[in-house]
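Right, one structure below, let's go through it.
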Amino acid sequence: LTPSLASPYLSSPLHLYLDVRTPLEHSGSRIPTSVNVPAFESSPTGYVPVETFLNDVVDGVGPPGTVSLIVVCKVGMRSAAACRMLEKEGWTVENLEGGIDVWRGEGYPIEGDDMF
């Protein structure tokens, strides 16, 4: 889902922006109203899945079917992987193409000013 197609959902009660970046990344800059549930965490060899991710989504958002998720990360790679995990569990999801970097670059609203 491109930022131009995703942006109207910022005010939709039927959609939620799920930011799957690390808490540090999310605290630096984020899409307004996004909920942070990390899907991956940093390790010496790169990013590894957070074992509790799916349960954390249910705890933070509710069960599948509650809302449709627009999944966000920095450039779209981690969010694409998170989408695959969520779809297997019955969630309706869209990956934000290009992540928050493209969202920011196209001038859509951002909270915070760090360039994570």
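Remember, it's a predicted structure, so these values are computed and weren't measured experimentally. Positions are given from 1 along the sequence.
- Distance check, rounded to the nearest 0.5 Å: CD of E94 to OG of S68 gives 8.5 Å.
- Using a 4.5 Å cut-off between side-chain heavy atoms of Ile, Leu, Val, Met, Phe, Trp and Tyr, with links allowed through other members, V72 and L16 fall into different hydrophobic clusters.
- Here CD1 of I70 is found 10.0 Å from CG of L5. Values are rounded to the nearest 0.5 Å.
- Between L1 and A6, the closest heavy-atom pair is CD2-CB, 3.7 Å.
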Using atom types as modelled, flag every donor-acceptor pair under 3.5 Å from a side chain in residues 30-44 to any protein atom, sequence neighbours excluded.
unit_1	atom_1	unit_2	atom_2	d
R30	NE	E111	OE1	3.4
R30	NH1	H26	O	3.0
R30	NH1	S27	O	3.1
S34	OG	H26	NE2	3.1
S34	OG	I31	O	2.7
N36	ND2	D19	O	3.0
N36	ND2	R21	O	2.9
S43	OG	T45	N	3.2
S43	OG	T45	OG1	3.2
S43	OG	G46	N	3.4
S43	OG	G46	O	2.8

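- Residue V75 is found in a hydrophobic cluster whose other members, listed by chain and number, are M77; membership requires side-chain heavy atoms under 4.5 Å apart, directly or through intermediates.
- Taken to the nearest 0.5 Å, the CZ atom of R78 stands 4.0 Å off from the OH atom of Y47.
- Nearest heavy atoms, E97 versus T2: OE1-CG2, 3.5 Å.
- Note: I100 CD1 to Y17 OH = 11.0 Å, rounded to the nearest 0.5 Å.
- Hydrophobic cluster membership is shared by Y9 and I110, with clusters built from Ile, Leu, Val, Met, Phe, Trp and Tyr side chains linked at under 4.5 angstrom.
- Looking only at distances, no side-chain donor or acceptor of W91 sits under 3.5 Å from a matching main-chain atom of V67.
- In terms of modelled atom types and a separation under 3.5 Å, the side chain of T52 and the main chain of N55 share no donor-acceptor contact.
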Practice task
Could you check L18 against V93 for side-chain contact (heavy atoms from CB on, under 4.5 Å), going step by step and ending with a plain yes or no?
Solution key: CA-CA 10 Å; L18 180 69; V93 298; over 6 Å; no
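- The heavy-atom pair separating S79 from V20 by the smallest distance is CA-CG2, 3.8 Å.
- Relative orientation of the Y108 and W103 rings is tilted, given thresholds of 30° and 60° on the angle between their planes.
- Between P64 and E89, the shortest heavy-atom distance links the atoms CG-O, 3.4 Å.
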